[in-house]
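Inspection log for the structure reproduced underneath, given as structure tokens.
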Amino acid sequence: MSEERSLNFIEEIVEEDLAAGKNGGRVLTRFPPEPNGYLHIGHAKSICLNFGLAKKYNGQTNLRFDDTNPVKEDVEYVDSIKEDVKWLGFEWANELYASDYFDNLYDFAVLLIQKGLAYVDDSTAEEIAAQKGTPTEPGKGNQYRNRSVEENLQLFADMKDGKYPDGAKVLRAKIDLASPNMLLRDPLMYRIKHAHHHRTGDKWCIYPMYDFAHGQSDAIEEITHSICTLEFVPHRALYDLFIKELEIFPSKQYEFARLNLNYTVMSKRKLLQLVEDGFVDGWDDPRMPTISGLRRRGYTPASIREFCERIGVAKRENMIDVGLLEFCIREDLNKTAWRRMAVLDPVKLVIDNYAEGQTEILHGENNPEVEGGDGSREIPFGKELWIEREDFMEVPPKKYFRLGIGTMVRLKNAYIIKGESVVKDADGNITEIHCTYIPESKSGSDTSGINVKGTIHWISTEHAKEAEVRMYDRLFQVEDPSNEDGDFKDYINPNSLQILDKVYIEPDLANAVAGKPVQFIRKGYFTLDKNSTAGKLVFNRTVTLKDGWVKK
RNA sequence: UGCCUGAUAGUAUAAUGGUAGUACGACGGUUUUUGGUACCGUUUGUCUUGGUUCGAAUCCAGGUCGGGCAACCA
């Protein structure tokens with residue numbers, strides 16, 4: 001493995017803690033998604049970090065749903081999140097929910113009220129915002145701030161008992177209205193929401209805010225290293241403060257820079273818009289940066305884990321080139337995907353000196369990268385073939401080493417041929433290419449002594465099967481759609497999906513199975529889409545092959 | 001105008017006071033029955049100004065630039 005890889009800053013912290021004997025050598029992390037959307041590649045970074053850390057240091061990781069806002073959350077999301085984490089190859093120690101702790105959290109709130117550190121405020125949201133001041137002006141208090149402990153206790157109990165409508169009252173921490181950290185200006189701890197919760201049903205009508213739930217949840221589980229993204233840095237003061245005042249397990253929060261990928265968007269809000277406004281075919285559209293989208297596109301768990309390993313973990317803002325993700329999937333699939341032939345844009349090729357009606361069964365390796373071989377399949381060959389339109393040129397430029405009139409090329413796994421003539425329709429489009437073949441040049445028993453520079457793929461017209469192929473490209477035309485003027489949706493790539501409804505594939509591909517990626521030789525990696533049926537195969541292009549041939 | 005936070009090749013990420021390295025990309029080459037893969041080589045970097053030091057990417061001070069903070073979201 002990568003034993004000599006240097007440590008990232010969080011691993012350094014863990015190793016220091018371990019060396020200092022902190023937590024008795026125990027490492028317990030957590031992955032805390034809110035079940036209000038599907039997981040995306042940015043979450044994958046966090047998942048790999050949290051679960052990877054635990055794995056590396058003989059610890060464990062809890063999967064904890066941060067479900068403190070019932071109006072936005074749903075079991076549909078819980079299920080998809082669990083599926084995605086599992087698919088990525090990780091196992092959680094415990095499946096937990098912040099809502100499991102609503103009783104504890106309520107008791108914690110009561111405790112803070114008793115300590116004079118929390119109060120019930122009757123102000124409206126607007127009034128509270130106005131009283132908070134601005135980053136440069138201190139906030140102001142109000143009359144509710146001086147309520148007695150007894151009154152606060154009673155009012156908070158009444159809030160819980162449903163005596164007030166939504167928004168009538170909130171519980172606030174009494175900290176410092178003049179703090180330079182806006183989050184410390186008496187933050188809300190609880191709000192009233194008469195809403196049905198996906199787990200606790202109608203038991204509660206008050207729900208804790210993130211800041212009054214997350215740190216305490218970590219503490220209850222005795223999480224040793226609570227890792228989150230940079231935007232939570234200012235929240236750390238609150239995180240530590242509540243833990244200190246409640247005298248509970250001192251979990252520690254550490255922050256890293258979230259992943260940004262170019263040519264896509266990563267916020268759940270924006271992804272939801274793409275889904276709801278029909279710009280994509282659901283959360284798992286192969287163009288989406290969601291885990292489910294990448295899975296449908298043909299990405300493998302190993303490739304995503306490798307990607308997360310390569311991008312590193314640090315505290316500076318970053319924008320990762322999607323090319324790195326593509327490198328990772330190519331690297332993985334090159335070693336595992338079976339090679340097959342498919343002609344995406346067909347033109348007919350006739351071999352003039354090959355006997356009419358003759359057929360041969362040729363053989364092609366499944367994967368030349370596998371040492372010792374990975375078996376082979378049979379490929380029928382005949383007088384008439386489909387080849388790629390772009391693999392022939394009547395007047396080839398100097399560095400073109402595919403087929404031309406008078407030039408030779410090898411048909412993959414078959415014979416060397418020489419272009420002879422073309423047939424065109426009234427518009428001048430080539431409808432047929434005629435060639436001759438060299439009988440002694442058969443793959444595996446070539447005695448022709450001829451060396452050709454190019455090799456092209458082909459399908460026997462008599463034996464060809466048909467399939468639909470979906471060619472995907474980046475969803476956006478600009479690197480950072482969120483940072484452009486106007487609406488990010490204005491920058492969607494109109495050619496992000498090109499459907500080829502009549503692609504010729506070799507007969508063996510009729511055996512293609514979902515979840516087993518194939519390489520269409522010289523074209524890229526493809527995988528069967530979930531819309532595929534026995535009667536109609538549908539392939540998604542995962543990624544092209546790297547193209548070293550740049551014209552001109 | 002406040003507070004927090006960060007700055008190393010095009011993009012990421014190391015170097016923890018002692019030779020600025022690695023990966024991806026780009027470019028060039030070798031091999032090749034995939035213009036793929038593999039292998040080899042080249043290219044480009046410490047935000048700025050001072051200071052401390054024999055020696056600074058690293059420590060200190062000022063500046064510049066980026067990100068975040070005033071949701072009954074997480």
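This structure is a prediction, so every number in the text was calculated from the model and none was measured. Residue numbers start from 1 in every chain, and the chains themselves are labelled A, B, ... in the order their sequence lines are given, proteins ahead of strands.
Below the 3.5 angstrom threshold, one finds no donor paired with an acceptor across the side chain of A:R522 and the base of B:U34. The base of B:G36 does not come close enough to the side chain of A:R330 for any donor and acceptor atom to sit less than 3.5 Å apart. One donor-acceptor pair, N or O on each side, does fall under 3.5 Å between the base of B:U34 and the side chain of A:Q519. With hydrogens and angles ignored, a donor-acceptor pair closer than 3.5 Å exists between the side chain of A:E369 and the base of B:G36.
The environment of A:R377 atom CZ is dense: over 12 non-hydrogen atoms of other residues, nucleotides or ligands sit within 6.0 angstrom.
Contact check on A:E255 versus A:R236 returns a salt bridge, with a Lys/Arg side-chain nitrogen under 4.0 Å from an Asp/Glu carboxylate oxygen.
Nucleotides B:C27 and B:A15 are separated by 27 Å at their C1' atoms, to the nearest Å. Rounded to whole Å, the P atom of B:A57 lies 13 Å from the corresponding atom of B:G21. Distance noted for atom C1' between B:A56 and B:G17: 7 Å (whole Å). When the C1' atom is compared between B:U43 and B:C24, the two are found 15 Å apart, to the nearest whole Å. Annotation: B:C60 and B:A7 have their P atoms spaced 13 Å apart (nearest Å). Here the separation of B:U19 from B:A12, taken at their P atoms, is 26 Å to the nearest Å. Between B:C72 and B:G63, the distance separating the two C1' atoms is 41 Å to the nearest Å. Comparing B:A61 with B:C3, their P atoms are spaced 15 Å from each other, to the whole Å.
For B:G68, neither phosphate oxygen OP1 nor OP2 lies less than 4.0 angstrom from any side-chain nitrogen or oxygen of A:R258. The side chain of A:T68 places an N or O atom within less than 4.0 Å of a non-bridging phosphate oxygen (OP1 or OP2) of B:A74. Taking only side-chain nitrogens and oxygens, A:K193 comes nearer than 4.0 Å to OP1 or OP2 of B:C73. For the OP1/OP2 pair of B:A74 and a distance below 4.0 Å, the side-chain nitrogens and oxygens of A:R64 include no atom meeting the criterion.
With B:A71, B:U33, B:G6 as the choices, the nucleotide that has an atom nearest any side-chain atom of A:K412 turns out to be B:U33. Closest to the side chain of A:N334, from the set B:C72, B:G35, B:G36, is B:G36. Out of B:A74, B:A70, B:G35, the shortest distance to the side chain of A:F401 is found at B:G35. Distance from the side chain of A:P180 is smallest for B:C3 among the nucleotides B:C3, B:C72, B:A12. Comparing atom distances between the A:I521 side chain and each of B:C72, B:U34, B:G35 picks out B:U34 as nearest. Nearest nucleotide to the A:R310 side chain, out of B:G6, B:A23, B:A12: B:A23. Of the candidates B:G25, B:G35, B:U34, B:G25 carries the atom nearest the A:F327 side chain, counting heavy atoms from C-beta on. Of the candidate nucleotides B:U33, B:G2, B:U13, B:G2 has the atom nearest to the side chain of A:T136. Considering only side-chain atoms of A:S6, the nucleotide from B:A14, B:G35, B:A74 that sits closest is B:A14. If you check B:U34, B:U13, B:G68 against the side chain of A:L545, the one that comes closest is B:U34.
A:G444 comes within 4.0 angstrom of a base, heavy atoms only. At the heavy-atom level, A:A129 lies under 4.0 Å from the strands shown only through sugar-phosphate atoms. Residue-level contact check: A:F65 touches neither bases nor backbone, having no heavy atom under 4.0 Å from any strand. Residue-level contact check: A:N262 touches neither bases nor backbone, having no heavy atom under 4.0 Å from any strand. Within 4.0 Å of A:P33, counting heavy atoms only, lies no atom of the nucleic acid at all. Within the 4.0 angstrom heavy-atom criterion, no nucleotide atom of any strand lies near A:Y190. Among the protein residues, A:H214 comes within range of no part of the nucleic acid, since none of its heavy atoms lies under 4.0 Å from any strand. Across all strands, A:T229 comes closer than 4.0 Å to no nucleic acid atom at all (heavy-atom distances). If you check every strand for non-hydrogen atoms under 4.0 Å, A:L188 touches a base. Across all strands shown, A:V313 has heavy atoms under 4.0 Å from sugar-phosphate atoms exclusively, and none from any base. A:G167 comes within contact range of at least one nucleobase, with a heavy-atom separation under 4.0 Å.
Atoms CG (A:D66) and P (B:A74) sit 8 Å apart, rounded to a whole Å. Distance A:F232 CZ to B:C3 P: 24 Å, rounded to the nearest Å. One atom, CG of A:D332, and another, C1' of B:A38, lie 17 Å apart when rounded to the nearest Å. Atom-to-atom, CG of A:L184 to P of B:C4 comes out at 13 Å; the value is rounded to the nearest Å. Computed from coordinates, the A:D480 CG to B:G66 C1' distance equals 13 Å when rounded to whole Å. Rounded to whole Å, atom P of B:U5 lies 14 Å from atom CD of A:E317. Per the geometry, CG belonging to A:D321 stands 13 Å off P belonging to B:C24, to the nearest Å. Going from atom CE of A:M319 over to atom P of B:U13 covers 13 Å, rounded to whole Å.
Results of the side chain to side chain contact (heavy atoms under 4.5 Å, CB included) test with A:L403 over A:L349, A:V452, A:D391 single out A:L349 as the only residue that passes.
Between A:Y239 and A:H235, the gap from one ring centroid to the other reaches at least 6.0 Å. Aromatic pair A:F242/A:F108: centroids not less than 6.0 angstrom apart.
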- Message: Please convert RNA chain B into dot-bracket. A pair counts if it is Watson-Crick or G-U wobble with both distances under 3.5 Å; crossing pairs go in [ ] and bases paired with another strand get |.
- Response: .((((((..((((....[..)))).(((((.......)))))....(((((..]....))))))))))).....

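For the pair A:K270 and A:F488, the cation sits on the ring face: its NZ or CZ lies under 6.0 Å from the ring centre, inside 45° of the axis. For the pair A:R474 and A:Y263, the distance from NZ or CZ to the six-membered ring centre is under 6.0 Å and the angle to the ring normal is within 45 degrees. Annotation: cation-pi pair A:K193/A:Y207 absent, no NZ/CZ under 6.0 Å from the ring centroid and within 45° of its normal. Cation-pi geometry between A:K160 and A:Y106 is met: under 6.0 angstrom from the ring centre, within 45 degrees of the axis.
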- Task: Go through A:K56 and A:E11 one step at a time and tell me if the salt bridge (Lys or Arg N to Asp or Glu O under 4.0 Å) criterion holds.
- Result: CA-CA 9 Å; A:K56 180 168 183 176; A:E11 290 170 327; 3.3 Å; yes

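By the 30° and 60° cut-offs, the orientation of the rings of A:Y210 relative to A:F232 is tilted.
Comparing A:F520 and A:G133, the nucleotide of RNA chain B nearest to each residue sits closer to the 5' end for A:F520. A residue-by-residue look at A:V233 and A:R316 shows that A:V233 has its nearest nucleotide of RNA chain B further toward the 5' end.
For the atom pair CG of A:D240 and CD of A:Q253, the computed distance is 7.5 Å after rounding to the nearest 0.5 Å.
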